[in-house]
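Following: one structure in structure tokens, then a few remarks.
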Amino acid sequence: MHFQWYPGHMAKAKKMMQENMKLIDVVIELVDARIPFSSKNPDIDDLAKGKSRVILLNKYDMADHRYTNDWKNYFEAKGYYVCLVNSKRGTGVKQVQEVVNKACEAKIERDRRRGILNRPVRAMIVGIPNVGKSTFINSFVGKATAKTGNKPGVTKGKQWIRLSKRIELLDTPGILWPKFEDQAVGLRLAWIGSINDDILNKTDMAFELILFLNQHYPEAISNRYDIPPYGTLENVLDAAKVLEKIALRRACLLKGGEPDIDKAAILLLDDFRNTRLGNITLEFPEVENIEQKEENHTQD
Ligand code: G4P
């Protein structure tokens, strides 16, 4: 799904989120395991202040597992409860309920001390478009589709799905807007196909991807396209030469037999998005100076 964000969209999404947040004890936030930083809207930290927080590293099946564990540690160190999830296949989804229970223990205990017993905790799924919210909800809810309906005096118009005696889920996810003033963040969102790339130059995106892969996954392209290893690439001109090789290997040719690099760029991006280049993670907590970036990201 492609999307574009305008100030009106963002204001509306934010208002909706603020309203729903009042009803919620725990926020279950989906991020893409390939770009856990770039797919996370930092504004959610303000919106969800005081709530229990769970992060799902979704699309785990597409990411490089070595780094997904680093990301898990990174978020856990910040006080989040974290699960690795493949919503499409349902892997890891069962553990989410346990983790949500854990995340809410303090809240349940607080309620108990105030004499409130057996009040289910209320959860909401949030995340940027295309991160897998609907897929996750379908998988998470499974057969537990019993809606609790509109109880008189409670949250008119909201539908809650009872997941267990202890948890109710708001049936509509909260849509966060991606935040990509930082070009690198925008590029990563575009690489995974989460922002409308019709307005972007796909060939430039492909050059940048080739340079990234050369640095972090140096064999991914040679392996996929059966091109001899080509060593370290210095710049876009070098990347263009690699794209030419891909074009020739895959018979992406212009009329005169010249390599059609624009066509090869589309092919490369499509292969990347469908994990045909392997499981690839695009950002790393220890390589990026995430702490510093986070500050800038929030100040934007
Ligand atoms: P959203 O509600 O947050 O906007 O996202 P949605 O569930 O629509 O998911 C967006 C795309 O991501 C869908 O692919 C969905 O199948 C895929 N997806 C969601 N979770 C996972 C996951 O854990 N692993 C993988 N590999 N894919 C996931 P699509 O191509 O738009 O649709 P479809 O052809 O798969 O149905």
Side-chain angles (χ1 to χ4, degrees), residues 1-6 9-10 12-14 16-17 20 24 27-44 47-48 53-69 71-72 75 82-97 99-100 123-142 144-145 159 161 163 169-180 185 188-198 220 266-267 269-283:
M1 183 179 74
H2 294 305
F3 59 91
Q4 266 191 296
W5 284 92
Y6 300 103
H9 277 133
M10 291 194 223
K12 207 170 154 204
K14 201 163 184 170
M16 175 84 101
M17 188 79 69
N20 286 338
I24 293 295
V27 175
I28 304 173
E29 184 180 0
L30 270 81
V31 295
D32 190 305
R34 294 166 294 174
I35 49 167
F37 173 71
S38 297
S39 58
K40 190 175 185 322
N41 178 321
D43 293 354
I44 187 67
L47 288 166
R53 304 287 297 276
V54 174
I55 286 203
L56 307 185
L57 291 165
N58 193 42
K59 306 197 186 183
Y60 168 61
D61 53 303
M62 303 178 95
D64 185 335
H65 296 185
R66 293 172 296 171
Y67 300 117
T68 308
N69 282 324
W71 278 110
K72 183 172 187 283
F75 285 120
V82 184
C83 283
L84 315 183
V85 176
N86 169 359
S87 299
K88 207 166 173 173
R89 298 199 71 175
T91 322
V93 171
K94 256 197 187 144
Q95 283 97 296
V96 177
Q97 190 144 334
V99 167
V100 171
M124 177 167 63
I125 309 290
V126 304
I128 64 166
N130 210 36
V131 77
K133 295 178 295 301
S134 322
T135 313
F136 171 74
I137 289 176
N138 286 338
S139 184
F140 191 44
V141 169
T145 43
Q159 291 283 330
I161 302 164
L163 290 171
L169 180 71
L170 187 62
D171 79 339
T172 40
I175 301 175
L176 296 169
W177 53 102
K179 205 160 183 181
F180 50 96
V185 169
R188 289 168 197 162
L189 287 161
W191 278 341
I192 66 162
S194 267
I195 56 176
N196 185 352
D197 65 9
D198 293 343
I266 292 168
L267 179 123
L269 291 170
D270 191 58
D271 280 348
F272 168 72
R273 288 171 185 170
N274 288 290
T275 55
R276 287 190 286 262
L277 300 174
N279 279 28
I280 287 168
T281 292
L282 297 169
E283 54 195 15

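When a ligand or atom number is given, it counts from 1 through the structure's own listing order. A quick note: this is a predicted structure, and the numbers were derived from the prediction, not measured.
- Within the listing of ligand 1, atoms 26 (N) sit less than 4.0 angstrom from a heavy atom of Met62.
- Contact annotation: for Leu30 versus ligand 1, there are no heavy atoms closer than 4.0 Å.
- Listed by first and then second residue, the salt bridge (Lys or Arg N to Asp or Glu O under 4.0 Å) pairs that reach into residues 53-66 are Glu29-Arg53, Asp45-Arg53, Asp64-Arg66, sequence neighbours excluded.
- The heavy atom nearest to atom 27 (N) of ligand 1, out of those in Lys133, Arg89, Lys88, is found in Lys88.
- Residue Thr135 has at least one heavy-atom neighbour below 4.0 Å for each of these atoms of ligand 1: 6 (P), 7 (O), 9 (O), 15 (C), 19 (C).
- Within the 4.5 Å cutoff, the side chain of Ile35 has no heavy atoms near those of the Trp191 side chain.
- Applying the 6.0 Å contact sphere to CZ of Arg276 captures more than 12 heavy atoms from other residues, nucleotides or ligands.
- At a 3.5 angstrom cut-off on N or O pairs, Ser87 counts as close to ligand 1.
- Taking any N or O of Gly132, backbone or side chain, at least one lies under 3.5 Å from an N or O belonging to ligand 1.
- For Lys14, the side chain to side chain contact (heavy atoms under 4.5 Å, CB included) partners two or more places apart in sequence, or in a different chain, are Asp43, Leu47, Trp177.
- Taking both residues in full, the closest heavy atoms of Ala13 and Ile175 are given as CB-O, 3.6 Å, listed atom of the first, atom of the second, then distance.
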